[in-house]
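What follows is a set of notes on a single structure, which appears directly below.
Computed from a predicted structure; not experimentally measured. One-based numbering, in listed order, for ligands and for the atoms of each.
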Amino acid sequence: MNAKVWLIGAGPGDPELLTLKAVRALHEAEVVLIDDLVNPAVLEHCPTARIVKVGKRGGCRSTPQAFIHRLMLRYARQGKVVARLKGGDPCIFGRGGEEAEWLAARGVQAEIVNGITAGLAGATLSGISLTHRGIARGVTLVTAHTQDDSTLNWQALAQSGTTLVVYMGVARLQDVQQGLLEGGLPASTPVAMIENASLPQQREGRSTLADLQIDAALFQLKSPAILVIGDVVGASFVQSTPLCEPLSHFG
Ligand code: SAH
């Protein structure tokens, strides 16, 4: 028997940002393990599957990673088609690689289906073109939260000439601000704060590196949110794509 697990990126929230491949895999799935950043509306694509919630949200009650691993393995070994649904992209701060490695070591093949990561969707939906020609030579995705509390090389990031997209930064604004200022990024560098990207409750705030903490407090910035830091934020286009259309429009 060829046991297999789909590791599927569900995108940032808007169910219309799912890929066609994700939809197909969901249709096939008999058991779906769903993370809590995933919009439950996507479950419309697997109406008969058993749904297992395995939320792991920072600071909240959580399902230990080891338990999730074992659960996937157990269902896969029972011969079930297992889908693991993760927010955004499975391999961008999503442990997709770890899970695939763990399964492979036990003879279970994982197939990863990309999702649109929150940082990319959030920027676009907020009218920011992350690698706008003539302004940014690239984009760097970083997390402000590390498991071992190691620090980022802020100086290298500040001097990279790339737009910075910071995940999991809400509780670490001081580190981000201080690290980048000390690393040499100008205090006037524009920053966008994008909360709940692609969902109807999406909120966006603008600030500068100098005022980031104070503006985030005024804005009452809450997780899940990303920060986009760099001059491209000051050159925003006007975004007109409607947010989160009802899923019934989806074929
Ligand atoms: N794999 C996910 C990231 C998981 S880490 C992805 O590719 O998007 C969790 C962090 O992602 C959150 O702390 C937040 O920084 C970001 N995030 C996830 N969904 C988000 C959303 N809808 N809006 C803004 N940020 C989001």
(request) Please confirm whether Ala118 comes within less than 3.5 Å of ligand 1 when only nitrogen or oxygen atoms on both sides are compared. (result) yes
(message) Working to the nearest 0.5 angstrom, can you tell me the gap between Asp211 CG and Ser188 OG?
(response) 10.5 Å
(message) Is it the case that ligand 1 has an N or O less than 3.5 angstrom from some N or O of Ile194?
(response) no
(message) Is any side-chain heavy atom of Arg106 closer than 4.5 Å to one of Arg77?
(response) yes
(request) Could you say whether the N/O atoms of Met168 and ligand 1 ever approach to under 3.5 Å? (result) yes
(message) Show me which atoms of ligand 1 lie under 4.0 Å from any heavy atom of Tyr167.
(response) 8 (O), 11 (O), 15 (O), 16 (C)
(message) Once rounded to the nearest 0.5 Å, what's the spacing between atom CZ of Arg74 and atom CZ of Phe67?
(response) 6.5 Å
(request) Would you check the N or O atoms of Asp89, main chain and side chain alike, for any that come under 3.5 Å of an N or O of ligand 1? (result) yes
(message) Among all the protein's non-hydrogen atoms, which is closest to atom 21 (C) of ligand 1, and how far away is it?
(response) Ala197 N, 3.5 Å
(request) Please assess Gln65 against Glu99 for the test side-chain hydrogen bond (donor to acceptor under 3.5 Å, both in side chains), listing each intermediate value before the final yes or no. (result) CA-CA 9 Å; Gln65 186 69 25; Glu99 292 183 6; 2.7 Å; yes
(request) Mark up the atoms of ligand 1 that fall under 4.0 Å of a heavy atom belonging to Thr117, in ascending order. (result) 6 (C), 7 (O), 8 (O)
(request) Please could you name the atoms of ligand 1 that Ile92 approaches to less than 4.0 Å, counting only its heavy atoms? (result) 1 (N), 2 (C), 3 (C), 6 (C), 7 (O)
(message) Can you name the atoms of ligand 1, numbered from 1 with element, that are less than 4.0 Å from a heavy atom of Leu37?
(response) 9 (C), 18 (C)
(message) Side chains of Gln202 and Glu204: any donor to acceptor distance under 3.5 Å?
(response) yes
(message) Closer than 4.0 Å to some heavy atom of Asn196 - which atoms of ligand 1 meet that?
(response) 22 (N), 23 (N), 24 (C)
(request) Using the side-chain hydrogen bond (donor to acceptor under 3.5 Å, both in side chains) rule, take Arg137 and Thr163 through it: C-alpha gap first, then chi angles, then the decisive distance, then the call. (result) CA-CA 8 Å; Arg137 304 184 66 108; Thr163 304; over 6 Å; no
(request) Using distance alone, decide if ligand 1 has a nitrogen or oxygen within less than 3.5 Å of any nitrogen or oxygen in Leu199. (result) no
